[in-house]
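Side-chain atoms are counted along with the backbone in the values below, which use heavy atoms only and exclude waters and symmetry mates. Just so it is clear: chains get the letters A, B, ... in the order the sequence lines come, proteins before strands, and each one is counted from 1.
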Amino acid sequence: MPSAIVIAAVTTIALAAVSLATILSWRQKTKLPLDAPEFQDFAGSLAMTIVIIEARDGRVLYASPGFAAMFDADPSGFDLGTLKTMVHQDDMDNLESGLRAGGEQPFETEFRLETKGETHWLHLKGFPVPGRRKRRRIVLWIEDRSTRKTEELALVQARDYEVAIGARIQQALLLGQPERQYTTFQLASMTLPSQKIDGDFIDFFDGGDEVLDLMLGDVMGKGIPAALTGAAARNALTRARLALSDEPGRSSLSVRDIVGAAEKRIAGKLMHLKTFFTLVYGRIDGTEGLFRFVDCGHTSIIQYERRSGRCWRLKGANAPMGFLPEQDYVEYTVPVDEGDLLFLYSDGITEATDSEGEQFGDLRLLKLIRSNSLLDAAELLEKIKQITFSFASGDFKDDVTGISIRMVKKIGNLVSLSRTFVQTLDSLHPIRDFFDQCLGEHLAGSLSAETQDSVLIAIGEAASNIFKHNAPDEHRHCAASFRKTDSWVAFSLYYHGVDYDWQEWTVPRVESFQTSGYGLYLIGEVMDSVTVSPGDDGLVRICMLLYLSGERRR
Amino acid sequence: MTVETIRGALVMKPDIKHLDTLSAGDFSSDCGPAAAAADRVILDLSLVQFVDSTGLGAILNLVRDTIARGARIAICCAQPSVKVLFRMVQLTKLVTIFDTRELALSWADN
């Protein structure tokens with residue numbers, strides 16, 4: 001029995017010895033040959049190195065063979081102080097703060113290392129690891145990315161060069177400047193080029209006295225084709241204006257005529273090239289106190305109206321040029337007075353996008369202009385530039401183009417009356433009576449009785465439309481405003497409600513017993529211009545204007 | 001509204017100043033039944049100072065219904081301000097408009 005126990009014990013010890021020998025032999029075989037010359041050569045040839053440092057003082061505890069080649073230094077005795085002498089001073093703060101935090105959390109940074117008179121771009125990833133006696137250590141993975149970085153920098157330089165060339169093209173071919181200053185209004189314009197050449201164009205034409213024509217266009221797409229199309233569009237408009245003004249016997253040159261003549265020169269070509277541009281062509285008349293415009297699918301013009309203390313979006317009804325071979329351009333006119341602002345802009349402003357992907361938007365722009373309505377034209381433009389630049393962190397996808405106009409003189413012989421009413425149908429007759437009284441007191445000698453009657457019909461239709469399409473609200477007020485100069489009269493209604501399409505009317509067919517659809521037709525027939533402008537806070541303004549002189553829309 | 005039959009013609013005279021969004025509904029409900037059996041209808045607008053597009057729609061409904069049942073209709077005594085609207089929409093393409101009631105009655109006699 002004892003011999004059996006001895007045999008079993010000897011067998012167990014022998015088996016354990018064999019197992020231990022096997023394990024030791026296996027571990028010996030799987031140990032990485034870090035000191036083997038072949039591995040050293042291989043690791044030294046890589047453009048990276050792995051370094052383990054003390055988090056406390058940056059002392060190097062281990063460095064893989066690539067270290068010496070990368071830092072041109074022996075890792076033994078290398079510490080943070082040595083590193084500081086080699087790192088580009090502009091990158092030192094970043095690197096230091098990374099290393100300081102690196103004992104606690106992973107970090108990543110990039111820095112320039114200056115060795116042997118050369119600059120190397122190093123990319124570093126750090127990972128905290130526990131060390132002996134609770135000391136923190138950091139494993140650094142350092143990669144030399146100089147080649148890639150050089151290529152990237154070359155690309156940036158090339159892009160900067162392209163942007164610079166694009167900016168010069170825009171300045172030379174697409175961006176005009178006003179020829180002089182005016183006493184009745186201030187004027188300022190700006191363009192901030194985006195990262196690519198764009199097709200925004202602006203120009204100004206002096207119309208004599210206190211009259212200035214201006215245009216702002218935006219060509220579809222980007223790059224050289226857009227810039228060339230923009231240059232061609234600007235040229236077509238300029239030449240159309242010149243040709244019309246040279247026509248013998250022509251006494252007036254309307255905004256509508258100019259846009260129509262430009263269309264004849266360029267719309268066919270645009271359609272052939274399958275491109276288009278949006279445009280607003282306007283005319284500011286500081287003496288008459290009028291702003292006339294034709295809008296071809298462009299962003300709204302914003303008008304800050306001092307008398308109401310609100311901003312309104314002026315919008316036309318025409319399609320962008322190049323959409324159709326021929327259009328019947330509609331010209332609109334709104335009164336402008338001292339303290340009013342007009343802002344024309346490209347969608348680069350409202351489509352400026354922040355880091356969350358949110359666009360600057362129309363409403364934000366409206367509120368920005370309203371809250372800075374006391375600034376002069378140039379100051380307002382600078383404010384808009386700063387705010388949008390900051391919103392988009394300076395990264396505009398589109399050109400940012402804008403023109404601001406501030407009226408600085410009171411309009412001569414202006415009669416202005418206004419009254420507020422409860423916004424219910426009961427106010428229909430009082431509103432008509434208010435305008436009837438205004439007409440009787442201020443226009444009896446200027447308008448025939450028939451015209452006065454037709455004006456009251458149009459006003460009644462406008463008021464009736466407002467009350468029909470918006471729920472009555474005894475707690476809300478609408479306002480009626482009458483303004484008259486020697487050359488025009490404007491009837492405006494301000495109301496809370498929906499902004500629907502007042503332009504969509506057709507000539508009704510009475511002979512077929514059509515019993516509705518007359519309202520908008522009557523307004524359009526009587527008035528020379530009707531603009532319906534949404535504002536902020538759910539307000540809408542309808543402004544109906546009639547020329548008192550011979551000038552008529554049609 | 002005053003409704004009377006003169007020389008066989010039904011003469012309707014709305015006693016409202018405004019024939020518009022506010023009153024057009026009442027006008028239609030008064031005129032429609034009153035004119036339903038007449039073969040000659042005269043609408044006397046001498047008291048109406050203002051008609052808007054809704055009021056015009058009510059008049060056109062009356063004209064359409066009257067003509068549709070083979071009867072005749074005319075308008076008389078429209079105020080100048082109302083005539084302006086009728087001219088703008090070319091209402092005379094559909095219905096004869098007389099300056100006086102007598103002229104309208106003479107038309108109805110024939």
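Looking at every heavy atom in both residues, B/Leu94 comes nearest to A/Val510 through CD1-O, 2.9 Å.
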Donor and acceptor N/O pairs, chain B versus chain A, under 3.5 angstrom:
from	atom 1	to	atom 2	distance (Å)
B/Asp20	OD2	A/His429	NE2	2.7
B/Asp20	OD2	A/Arg432	NH2	3.1
B/Thr21	OG1	A/Ser464	OG	2.7
B/Ser53	N	A/Glu461	OE2	2.6
B/Ser53	OG	A/Glu461	OE1	2.6
B/Ser53	OG	A/Glu461	OE2	3.2
B/Thr54	OG1	A/Lys468	NZ	3.2
B/Arg87	NH2	A/Glu450	OE1	3.4
B/Met88	O	A/Tyr521	OH	3.2

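Residue contact with chain A, scored on non-hydrogen atoms closer than 4.5 Å, involves the side chain of B/Ile67 exclusively. With a threshold of 4.5 angstrom between heavy atoms, A/Leu425 approaches chain B through its backbone and through its side chain. B/Leu85 touches chain A through backbone and side chain together, each having a heavy atom under 4.5 Å away. Of the atoms belonging to B/Val63, heavy atoms from both backbone and side chain fall under 4.5 Å from chain A.
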